[in-house]
Amino acid sequence: HIVIDSGIIKHILSEAQHPDNFNEQVDGSGKFVLPGLAEMHAHIPPPSTSQERLEETLFLYLSNGITTIRGMLGAPNHLELREQVKKGEILGPRIFTSSPSLNGNSVTSEEEAITKVTAYQKDGYDFLKIHPGIQRNVFDALVKTANEVGITFAGHVPVDVGIRHALESNFASIDHIDGYLEGLVPASETVDPTANGFFGYNFTPLADVSLIDELVALSKEHKVWIVPTQSLFERWFAPISVETLLAQPEMKYMPVSTLENWKKIKLNSTGPDSGFDEAQWEDFIAIRRQLLKALQDNGQGILLGSDAPQLFNVPGFSIHHEIESMVSAGMTPLEIIQSGTINPAQFFGLEQEFGEVKEGLAADLIVLESNPLDNLSALKNISGVIRQGKWLSQEMIALKLEKIAENASKN
């Protein structure tokens with residue numbers, strides 16, 4: 001018996017409580033409860049998006065039991081949205097938001113890096129988002145300023161920075177396992193680092209997997225978490241047809257115009273006329289899986305994140321594809337569940353706020369029909385979701401999703 005009051009788990013008791021003491025009861029007989037999941041590489045729609053679509057996107061996350069998201073491309077309106085959700089004015093998952101992108105075009109000098117980092121910390125962003133293209137001297141100025149003003153940074157590893165210097169600079173998280181494959185190329189190969197291709201894909205034949213342990217040890221030494229977004233490389237950048245992806249049931253929740261754009265990008269990337277090499281991709285994925293497993297076993301740890309909504313990654317639903325990819329890499333059900341619950345809470349230093357089913361913590365919970373430790377597909381069979389103490393029943397979720405699909409078909 002879990003007693004919830006004002007969005008907080010007040011008591012976990014073995015004895016039944018008198019129903020007259022409560023405004024609402026949920027019968028969880030024979031069901032399983034676990035903490036709400038975190039999507040640690042999410043994207044919140046940009047300011048140009050309608051309010052209706054914005055709220056629909058937040059609900060898509062919630063409908064799959066995701067009660068926390070880390071927005072990886074921030075904008076000023078996301079700061080306001082974060083507070084509206086926190087106050088319960090808008091229904092959505094707990095939001096952490098990055099700054100706007102820091103990349104080779106947005107920060108071109110040390111002075112610009114200092115100015116923007118200082119401003120973004122003052123504005124109240126939760127962390128800085130690093131994108132490709134930043135030159136090493138500019139990156140170092142960015143890091144120095146971030147440390148001085150007290151804001152963390154996460155995201156990509158710019159080519160000029162390189163994985164080893166990135167790890168030594170104490171990224172909070174490195175997403176997409178970015179930079180690691182390049183770091184497996186021996187110096188004796190004297191490659192042009194800018195010829196790495198899509199997340200190091202071009203260097204696949206040169207990778208020396210015996211160097212993995214060194215990079216993993218460096219990751220642990222500097223406490224750098226990893227958000228793999230592995231499904232991105234096993235769905236979009238993969239030998240899967242556009243038709244197969246478009247036929248998946250969750251695609252009906254995305255606007256038609258978005259699906260058309262995804263189709264074009266997919267065909268250009270891996271279509272029949274793209275020059276995509278399936279044999280090289282097999283090697284590429286095998287190395288990524290080996291990296292992921294080693295980083296789980298001996299690194300700082302893994303955070304659950306799928307990069308939604310990116311190519312064929314529908315918010316909320318894409319997390320299940322990510323989980324399947326983590327299974328393929330050798331992670332256990334418990335490790336995968338922890339990557340989306342207690343690990344994110346530890347990452348943010350908020351273990352006393354969320355991440356467990358525990359007295360005093362947030363009542364952000366998923367009620368499941370079966371035990372996910374036995375079969376992770378149980379995470380798809382949700383009886384209901386509790387967010388800030390509000391019960392979202394299976395029936396309510398289904399009706400809302402039906403409306404979202406109807407709206408998407410018109411756009």
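The first residue in the sequence is number 1, and the count goes up from there. None of the values given here were measured: they were computed from a predicted structure.
Side-chain atoms of R70 come within 3.5 Å of backbone N or O of M40 as a donor-acceptor pair.
Scored by the ring pair (Phe, Tyr, Trp, His ring centres under 6.0 Å) test, Y125 finds Y120 as partners (sequence neighbours excluded). With sequence neighbours left out, K86 forms a salt bridge (charged side-chain N to carboxylate O under 4.0 Å, His left out) with no residue at all. In terms of the salt bridge (charged side-chain N to carboxylate O under 4.0 Å, His left out) criterion, K266 has no residue partners (sequence neighbours excluded). The ring pair (Phe, Tyr, Trp, His ring centres under 6.0 Å) check on H78 picks up nothing, with sequence neighbours excluded. A search for side-chain contact (heavy atoms from CB on, under 4.5 Å) contacts involving E359 returns H11, I12, not counting sequence neighbours. For F59, there are no ring pair (Phe, Tyr, Trp, His ring centres under 6.0 Å) partners at least two apart in sequence or on another chain.
Side-chain contact annotation: S318 with R235, donor-acceptor N/O pair under 3.5 Å absent. No side-chain donor-acceptor contact under 3.5 Å links H156 and D175. Side chains of E324 and S231: a donor-acceptor N/O pair is absent below 3.5 angstrom, by distance only.
Here K263 does not pair with E260 in a salt bridge; the nearest charged N to carboxylate O distance is not below 4.0 Å.
Residue D20 places its CG atom among more than 12 non-hydrogen atoms of other residues, nucleotides or ligands, all under 6.0 Å distant. Under a cut-off of 6.0 angstrom, the local environment of NZ in K144 is sparse, with at most 12 non-hydrogen atoms contributed by other residues, nucleotides or ligands. The environment of K116 atom NZ is dense: over 12 non-hydrogen atoms of other residues, nucleotides or ligands sit within 6.0 angstrom. Counting heavy atoms of neighbouring residues, nucleotides and ligands inside a 6.0 Å radius, atom CD of E89 exceeds 12 of them.
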Please assess N381 against E369 for the test side chain to side chain donor-acceptor pair (under 3.5 Å), listing each intermediate value before the final yes or no. CA-CA 6 Å; N381 195 3; E369 297 291 346; 5.6 Å; no

List the steps and the verdict of ring pair (Phe, Tyr, Trp, His ring centres under 6.0 Å) for F237 and F199. CA-CA 11 Å; F237 192 71; F199 291 96; 8.8 Å; no

Using salt bridge (charged side-chain N to carboxylate O under 4.0 Å, His left out), reason through R164 and E168 one step at a time and then give a plain yes or no. CA-CA 6 Å; R164 288 170 178 81; E168 291 165 352; over 6 Å; no

Do F198 and F284 pass the ring pair (Phe, Tyr, Trp, His ring centres under 6.0 Å) test, and can you show the C-alpha distance, the side-chain angles, and the key distance before you say yes or no? CA-CA 11 Å; F198 188 67; F284 174 69; 7.4 Å; no

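Judged by the 6.0 Å distance and 45° axis criteria, R387 is not positioned over the aromatic ring of Y61.
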